[in-house]
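Comments concern the structure below.
Computed from heavy atoms alone, side chains included, the values below leave out hydrogens, waters and symmetry copies. Naming convention: chains lettered A, B, ... in sequence-line order (proteins, then strands); numbering from 1 in each chain.
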Amino acid sequence: MGDSKDGVKGKRVVFVTVGTTCFDALVKVVDSQQVKDELLRRGYSNLLIQMGRGSYLPTKSSGDDGSLAVDYFTFSSSIADHLRSASLVISHAGSGSIFETLQLGKPLIVVVNEDLMDNHQSELAEELAERRHLYCARPPTLCQTIAGMDLKSLVPYSPGDATPVAKLINRYLGFPEE
Amino acid sequence: MQIYRSREVGQSYVTSVWTTLVATVHALWLMIKIRPQVVLCNGPGTCFPLCVIAFIFKVVGIRWSSIFYVESIARVKKLSLSGLLLYKLQIADQFFVQWPQLQRKYPRAHYVGCLM
């Protein structure tokens, strides 16, 4: 596999994000030996966790011994760069995180937080999973989702378009059609 | 420009009565000061007092504002509370949804596809 010192060659990063929420269940399961072994098995070398307001601290690892390199941070002003350099994104079900990732064309597993009271966000994740734009999981099923995923089968997401709304509003207000 | 929220996420409904009143008075002041021709909003609760004020103005004959509401992309099968109120009370002049399931459930809504 070659030198993993800088990890530049062949580095495949899994980026985990919980946005501005507290989602310890996801951070914990991603930090579990089971999931880390599965990610290694699927060819990933690095795991970077954005843990938000959570209190569970993952175990950092340099990965020098051939294990998965693990690092984490709480927040950053923009996760765009992290998303761009990731080979796989595992995210909470926030619509911002979901669409930012899909628009960058990155493979995405959305993990729904079962502890949330009003979980309307899971509707979005489930709908997009049904349309095969991403995989949807819960913390207990994340490992088997990673084991069974076929990223080539994911359908690329075409960015949306606000023009229909603008046209309808203009027509209502009486502006001439272009 | 800041406007007051009627209710924070998870705030108790009891204290929400007072904060909604404060937000409504603030909305009234804003509406008179700005006299917008168009109110375009996407929820959540922040927009509700503004829409109500604009609607009351319309009802009493002050036709300053047209009200357009775009439901959140995260709402696939059920409307948000703001959306439901604005739809049922027919406060919005045009009501937009981003998923076809909602348009089937709420036929007066316009389905415009995903905006993101």
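Between the CZ atom in B:R35 and the CD1 atom in B:I62 there is a gap of 8.5 Å [rounded to 0.5 Å]. To the nearest 0.5 Å, atoms CZ (A:R41) and CG (A:L68) are separated by 13.5 Å. Here B:Q94 contributes atom CD and B:L40 contributes atom CG; the two are 11.0 Å apart, rounded to the nearest 0.5 Å.
Between B:Y111 and B:F96, the gap from one ring centroid to the other reaches at least 6.0 Å.
Residues A:V70 and A:K60 are not in side-chain contact: their nearest non-hydrogen atoms beyond the backbone lie 4.5 Å or more apart.
B:S12 and B:T15 are linked by a side-chain donor-acceptor pair at a separation below 3.5 angstrom, with hydrogens and angles left out of the test. Side chains of B:Q2 and B:Y4: no donor on one and acceptor on the other come within 3.5 Å. For the 3.5 Å distance criterion, the side chains of A:N113 and A:T21 fail to qualify, holding no donor opposite an acceptor. Side chain to side chain, B:Y69 and B:N42 fail the donor-acceptor criterion of an N or O pair below 3.5 Å.
Taking the ring axis of B:Y87 as reference, the NZ or CZ atom of B:R108 stays within 45° of it and closer than 6.0 Å to the ring centre.
Of all the listed residues (B:R75, B:Q37, B:H110), the one sharing the greatest number of non-hydrogen pairs under 4.5 Å with chain A is B:R75. When each of A:R131, A:E126, A:Q121 is scored by its heavy-atom pairs under 4.5 Å with chain B, the top score falls to A:R131.
For a residue to count as touching a neighbouring chain, one of its non-hydrogen atoms must lie under 4.5 Å from one of that chain's; by this rule B:Q101 touches chain A with the side chain only. Proximity to chain B (any heavy atom under 4.5 Å) is shown, for A:E123, by both the backbone and the side chain.
Residues of residues 134-143 of chain A having a heavy atom under 4.5 Å from any heavy atom of chain B: none. Below 4.5 Å, heavy atoms of chain B meet heavy atoms from A:S95, A:F99, A:Q103, all part of residues 71-110 of chain A.
Note: the hydrophobic cluster containing B:L81 also contains B:L102 (ILVMFWY, side chain heavy atoms under 4.5 Å, direct or indirect links).
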